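Have a look at the structure below before the remarks.
None of these values were measured; they are calculated from a predicted model.
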Amino acid sequence: MMEIQVKDISKIYGTNENQVIALSHASMTIQEGDFISIMGPSGSGKSTLLHIISGLEHPTNGSVLYGGTDIHNGSDKQLSAFRRQKIGFIFQQFHLLPVLTAYENIVMPLLLDQRQADEPYLETLTSLLGLETRLSHFPHELSGGQQQRVAIARALSADPDIVFADEPTGNLDSKSGNEVMKMLCQIQEKMNKTIAIITHDPHIANMAKRHFTIIDGILTEVRAS
């Protein structure tokens with residue numbers, strides 16, 4: 001994976017008296033194998049930061065460099081292809097297609113990008129997520145925790161450089177949420193994946209190895225290990 005450099009990012013919505021500063025001069029560097037949490041209350045700017053780093057949204061000022069290349073300088077088509085190939089997304093909602101099996105949901109991003117599935121890699125991934133016996137099941141036949149694990153496998157199916165998780169346990173009970181986080185920790189450690197998690201839950205945040213807080217759009221690293 002290439003180093004990701006977030007340099008002096010600001011995001012401003014509106015103008016004049018209606019102006020809202022969602023992010024103010026945020027900077028961070030993400031290295032290969034990092035496991036990062038970004039914690040903040042609702043409206044603090046954490047999701048905006050994730051969206052800008054992952055190319056879903058453009059900054060007002062600043063740059064996001066992947067291996068020295070600013071991802072926001074290309075065309076929308078180039079940025080879309082970059083996201084498909086280099087970035088995995090996990091959201092609070094599972095966003096599984098109900099007419100597809102768990103396996104079909106997992107490999108769907110590969111098919112959309114006209115890529116062949118790496119079956120040994122997927123076997124390792126689904127085994128770590130405890131999905132071996134659930135791959136032929138449809139979403140309605142799975143528990144909430146199992147559905148989120150399918151969503152995690154889908155995010156990782158293309159072997160992305162980094163996975164961004166936005167409140168990945170927010171739609172689960174505490175037990176299922178803890179199980180999902182433990183599996184994410186295992187994947188990060190055993191497969192050396194780079195993961196950045198957005199959360200408002202201190203317990204979830206503390207499971208990461210590097211910790212950031214964001215308050216009123218101001219990003220601060222509180223501890224690195």
Side-chain angles (χ1 to χ4, degrees), residues 1 3-13 20-57 59-62 64-66 83 87-95 144-145 148-149 151-152 155-156 160-189 191-225:
M1 172 188 146
E3 180 180 80
I4 301 171
Q5 294 178 300
V6 180
K7 293 188 171 184
D8 202 31
I9 288 293
S10 293
K11 183 66 178 181
I12 301 171
Y13 298 101
V20 174
I21 300 175
L23 280 177
S24 180
H25 304 287
S27 296
M28 67 190 305
T29 299
I30 304 173
Q31 306 282 357
E32 182 176 1
D34 268 348
F35 190 13
I36 290 171
S37 66
I38 303 171
M39 187 176 74
S42 177
S44 62
K46 57 187 187 296
S47 290
T48 300
L49 176 65
L50 180 149
H51 291 164
I52 291 173
I53 299 175
S54 62
L56 290 173
E57 195 169 344
T60 303
N61 298 296
V64 180
L65 307 179
Y66 280 67
R83 285 196 303 265
I87 298 175
F89 295 97
I90 304 167
F91 298 104
Q92 180 174 336
Q93 302 294 331
F94 315 132
H95 298 304
Q148 186 62 303
R149 282 184 260 156
I152 291 170
L156 287 156
D161 283 348
I162 185 168
V163 173
F164 292 102
D166 193 352
E167 300 281 4
T169 64
N171 207 31
L172 302 172
D173 59 58
S174 58
K175 181 182 178 184
S176 296
N178 281 332
E179 289 175 351
V180 163
M181 280 304 303
K182 286 177 181 176
M183 289 177 179
L184 271 178
C185 290
Q186 286 183 329
I187 287 170
Q188 190 277 326
E189 183 176 340
M191 301 182 75
N192 195 37
K193 294 299 181 182
T194 306
I195 299 175
I197 292 179
I198 303 295
T199 184
H200 67 275
D201 186 333
H203 174 68
I204 299 299
N206 287 334
M207 297 177 80
K209 296 177 181 177
R210 294 178 63 197
H211 307 267
F212 290 80
T213 60
I214 186 164
I215 299 174
D216 295 331
I218 298 174
L219 180 71
T220 305
E221 184 163 10
V222 295
R223 180 166 61 86
S225 59

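Within the 3.5 Å criterion, the main-chain N or O of M28 finds no donor-acceptor partner in the side chain of E221. No donor-acceptor pair under 3.5 Å is formed between the side chain of R210 and the backbone N or O of D34. When atom types are taken as modelled, the side chain of Q31 and the backbone of E3 share no donor-acceptor pair closer than 3.5 angstrom. Side-chain atoms of S176 do not come within 3.5 Å of backbone N or O of D173 as any donor-acceptor pair. Between the side chain of T48 and the main chain of A22, no donor-acceptor pair closer than 3.5 Å is present. Of the possible donor and acceptor atoms, none in the side chain of T194 sits under 3.5 Å from a partner among the backbone N and O of E32. Between the side chain of S37 and the backbone N or O of H211, no donor-acceptor pair lies under 3.5 Å.
Heavy atoms only, all atoms of each residue included: P160 and G88 are closest at CB-N, 3.6 Å. Across all non-hydrogen atoms, the minimal contact from I9 to V6 is CG1-CG1, 3.4 Å. Scanning both residues, S47 and D166, for their nearest heavy atoms gives OG-OD2, 3.2 Å. Contact record, P168 with I197: CD-CG2, 4.0 Å, taken as the closest heavy-atom pair.
Using a 4.5 Å heavy-atom cutoff, the side chains of H200 and E167 are in contact. The side-chain heavy atoms of P202 and M39, taken from C-beta on, include a pair separated by under 4.5 Å. When side chains are defined from C-beta on, L156 does not count as touching M191, because their heavy atoms never get closer than 4.5 Å. The shortest side-chain heavy-atom distance between I52 and K11 falls under the 4.5 Å cut-off. At a threshold of 4.5 Å between non-hydrogen side-chain atoms, the residues P59 and L23 do not count as touching. A heavy-atom distance below 4.5 Å is not found between the side chains of I152 and M183. In this structure, Q188 and K209 have side chains that are in contact, with non-hydrogen atoms separated by less than 4.5 Å. The shortest side-chain heavy-atom distance between R83 and L56 falls under the 4.5 Å cut-off.
Atom CD of Q93 is separated from atom CD of Q148 by 9.0 Å, given to the nearest 0.5 angstrom. To the nearest 0.5 Å, the span separating CE on M181 from CD1 on I204 amounts to 5.0 Å. For the atom pair OG1 (T199) and CD (Q92), the distance works out to 10.0 Å, reported to the nearest 0.5 Å. To the nearest 0.5 Å, the span separating NE2 on H25 from CG on L219 amounts to 13.0 Å. With rounding to the nearest 0.5 Å, the separation of CD1 in I4 from CD1 in I87 is 7.0 Å. How far OG1 of T169 is from CD of E179: 12.0 Å, rounded to the nearest 0.5 Å.
Relative orientation of the F91 and F89 rings is parallel, given thresholds of 30° and 60° on the angle between their planes.
The neighbour count for E189 CD, taken as heavy atoms of other residues, nucleotides or ligands under 6.0 Å away, does not exceed 12.
Here the rule is side chain to side chain contact (heavy atoms under 4.5 Å, CB included) with F164, and of I36, I38, L50 only L50 fits it.
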Step-by-step side chain to side chain contact (heavy atoms under 4.5 Å, CB included) determination, D8 to S27: CA-CA 5 Å; D8 202 31; S27 296; 4.3 Å; yes

I53/Y66 under side chain to side chain contact (heavy atoms under 4.5 Å, CB included): CA gap, chis, key distance, verdict: CA-CA 10 Å; I53 299 175; Y66 280 67; 4.0 Å; yes

